[in-house]
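Below is one structure, written out as structure tokens; comments come after it.
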There are 2 protein chains.
Amino acid sequence: MSLRNALLGLLVFRPGSGYDLLKMFDTSLGYVWPAKQSQIYGELTKLDATGLIKVTEEGPRGRKQYSLTPAGHAETVRWLTESRESRPQRNPMLLQTFFLGLLPREEAVQRLLDHAEASAKEHDTLVALRDTEDWDKDMLTVCGRLVLEHGIRQRVLEQEWARWAADQLRAGHAVDPDGGPTGVPGKETDTEEPSAANASDA
Amino acid sequence: MSLRNALLGLLVFRPGSGYDLLKMFDTSLGYVWPAKQSQIYGELTKLDATGLIKVTEEGPRGRKQYSLTPAGHAETVRWLTESRESRPQRNPMLLQTFFLGLLPREEAVQRLLDHAEASAKEHDTLVALRDTEDWDKDMLTVCGRLVLEHGIRQRVLEQEWARWAADQLRAGHAVDPDGGPTGVPGKETDTEEPSAANASDA
DNA sequence: TCCTTCATGTAACCGGTTACATGATTGT
DNA sequence: ACAATCATGTAACCGGTTACATGAAGGA
């Protein structure tokens, strides 16, 4: 239901067409909630049908300008106050990290350092964006700035964590006494066999 | 395609049934990649059909124990080395933050503080988990620990950011005197004054 | 004229969620 | 005997992605 609320949210500030909204997704909102053209148009049609928005003006190329109805405004406020949205749960990068032990140690370490570097680049981009934009014009950009700051901090976290994790893996090359490979094994055992992990089910 | 790889990854360490895998998702992997029972069974069937896993043993209640085939192992390594997965993009909480200006200022601030507190609680849970688990038994838990640490740092970030953001909103001054209708700023381009959320505060 | 941008729509597909349905085995 | 757990499957639905399709308006 979140795309729905994203569209309503944008329409609170000013009426707009599907095309206008698409632009906003692509330039700003898409950082936290991406949406494709086909989905936006479909959702707008539904929103119109349920009476949360309506066409208030028609323009040149079949352009339909949508505005919020009172019901739409109420729904937006309700969404903001009543629903407590949680963090995103699916993280592909952490999923890979979970299985990083299957790679030779150096490769695993390198993957983490690559992630750190990629995050650093993204960090710089976001900082540049923060310092470029003409902020504080309206509430949308005031809150947009809060969101952007979150992104910046996030990239710092990714960097620091990835470097720490790389260190952890590097440090883990102690050979354990009871035979099993405790750290990340080298290339010896990992070709064909599902070698592994342990038998220590105690 | 990530569920697929998650299943393969788990099966590298030890063979298991759909039921076993479901348990692992619910207890550990699910933190970064949740999966439901129906999806797991469906995916295992597909994986079996494509020859990446196979049934190596049948148990009591129609239990089918799956193991990786060499092709499945190769695919897992390929996934880890070749694909560079990105960060999650959809964040419902940040989406709401984007529109927080529609609420009266105190309410918006409170939402952020609530988020900080919720994150603090999650933080404590994760720290407890870190200090309870019997770690370093095998590679899975070594890397699991890296992932857990990420979660802990993430919660710290959320707290710090949310408190900072609350301060930012609070610092935004000036109740606009004419009192716009319930939080819609409209077209007033009052230059650099960050226009207040709305007039609902006294 | 021709290219770009504006502008909307639809159909097929895929991954994930909810819910239903069934039954065997084990422990108390 | 009964409940809990083990164990698998399927069908309907929903949100999101890819791709296709169409055409008007404006500027070079």
Side-chain angles (χ1 to χ4, degrees), chain A residues 1-8 10-11 15-27 29-50 53-67 79 83 85-86 88-92 95, chain B residues 1-8 10-11 15-27 29-50 52-66 79 83 85-86 88-92 95:
Chain A
M1 286 284 92
S2 283
L3 172 65
R4 194 185 139 100
N5 293 293
L7 289 168
L8 292 173
L10 287 172
L11 287 175
S17 65
Y19 194 82
D20 293 336
L21 292 162
L22 177 60
K23 286 292 163 58
M24 292 192 230
F25 272 90
D26 286 348
T27 56
L29 236 205
Y31 284 88
V32 293
W33 202 273
K36 298 295 169 73
Q37 178 261 353
S38 63
Q39 209 192 350
I40 291 174
Y41 283 106
E43 197 63 41
L44 284 172
T45 308
K46 279 188 218 160
L47 244 15
D48 192 11
T50 50
I53 62 177
K54 64 176 180 230
V55 179
T56 48
E57 199 186 310
E58 309 222 7
R61 290 148 277 234
R63 176 192 163 96
K64 289 186 276 185
Q65 182 164 278
Y66 292 101
S67 303
W79 168 64
S83 86
E85 306 276 7
S86 59
Q89 60 313 37
R90 252 167 265 267
N91 188 326
L95 178 61
Chain B
M1 287 283 91
S2 281
L3 172 65
R4 194 186 140 100
N5 293 292
L7 290 168
L8 291 173
L10 287 172
L11 287 175
S17 65
Y19 194 82
D20 294 336
L21 292 163
L22 177 60
K23 286 292 164 58
M24 292 192 231
F25 272 90
D26 287 347
T27 56
L29 236 205
Y31 283 88
V32 292
W33 203 273
K36 297 296 169 72
Q37 178 261 352
S38 61
Q39 209 192 350
I40 291 176
Y41 282 106
E43 197 63 41
L44 284 172
T45 307
K46 278 188 219 161
L47 246 12
D48 192 11
T50 50
L52 295 175
I53 62 176
K54 63 178 181 228
V55 180
T56 48
E57 199 185 311
E58 310 220 8
R61 289 148 275 234
R63 177 191 163 95
K64 288 187 274 185
Q65 182 164 280
Y66 290 100
W79 168 65
S83 86
E85 306 276 7
S86 59
Q89 60 316 34
R90 250 167 265 268
N91 189 326
L95 178 62

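Below, chains carry the letters A, B, ... as their sequence lines are ordered, and counting in each starts from 1. Being a predicted model, the structure only gives us computed values, none of them experimental.
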Return the value, rounded to whole Å, for the distance between atom CG of A:Leu21 and atom P of C:dC6.
14 Å
Work out which heavy atom in B:Leu95 is nearest to a heavy atom in A:Ala6; give both atom names and the distance.
CD1-CB, 3.8 Å
Would one find a side-chain N or O of B:Tyr41 under 4.0 angstrom from OP1 or OP2 of D:dG9?
no
Once rounded to the nearest 0.5 Å, what's the spacing between atom CZ of B:Arg90 and atom CG of A:Leu3?
8.5 Å
Using whole Å, report how far OH of A:Tyr19 lies from P of D:dA25.
15 Å
Across all chains, not counting sequence neighbours, the salt bridge (Lys or Arg N to Asp or Glu O under 4.0 Å) partners of B:Arg63 are B:Asp20
On DNA chain D, more 5' by nearest nucleotide between B:Gly62 and B:Gln89 is B:Gly62
Interatomic distance, A:Ile40 CD1 vs D:dT18 P [rounded to whole Å]:
14 Å
In Å and rounded to the nearest 0.5 Å, what is the OG to CD distance from A:Ser17 to A:Glu58?
11.5 Å
Report yes if a side-chain nitrogen or oxygen of A:Arg63 is closer than 4.0 Å to either non-bridging phosphate oxygen (OP1 or OP2) of C:dC6; otherwise report no.
no
Atom pairs, N/O to N/O, protein against nucleotides 11-16 of chain D, distance under 3.5 Å?
residue: D:dG16; atom: OP2; partner: A:Gln39; partner atom: NE2; Å: 2.1
residue: D:dG16; atom: O5'; partner: A:Gln39; partner atom: NE2; Å: 3.0
residue: D:dG16; atom: O3'; partner: B:Arg90; partner atom: NH2; Å: 3.2

Quick one: OG on A:Ser2 to CG on A:Leu8, what's the gap to the nearest 0.5 Å?
11.0 Å
In whole Å, what is the span from the CG atom of B:Asp26 to the C1' atom of D:dC6?
14 Å
Residue pair A:Thr56 / A:Tyr66, side-chain heavy-atom distance below 4.5 Å
no
Report yes if the side chains of A:Phe25 and A:Leu10 come closer than 4.5 Å at any heavy-atom pair, otherwise no.
yes
Let me have the donor-acceptor pairs involving side chains of residues 33-49 of chain A, under 3.5 Å, with sequence neighbours excluded, atom names and distances please.
residue: A:Tyr41; atom: OH; partner: A:Tyr19; partner atom: N; Å: 3.4
residue: A:Thr45; atom: OG1; partner: A:Tyr41; partner atom: O; Å: 2.9

Report each atom pair, protein N/O against N/O of nucleotides 1-3 of chain C, whose distance is under 3.5 angstrom.
none

Scoring nucleotides 20-28 of chain C by protein non-hydrogen atoms under 4.0 Å (B base, S sugar-phosphate only, - none) yields ---BBB---
Check side-chain contact (heavy atoms from CB on, under 4.5 Å) between A:Glu57 and all other residues, then give those that pass, not counting sequence neighbours.
A:Gln65
Using 0.5 Å steps for rounding, measure from the CG atom of B:Leu22 to the CG atom of B:Leu29.
11.5 Å
Write down the distance between CG (B:Leu22) and P (C:dT18), rounded to a whole number of angstrom.
14 Å
Whole angstrom value for the distance that separates P of D:dT8 from CD of B:Glu57:
12 Å
Contact summary for B:Asn5 and B:Met1, nearest pair of heavy atoms:
ND2-O, 2.7 Å
C:dA7, OP1 or OP2 - any side-chain N/O from A:Lys23 closer than 4.0 Å?
no
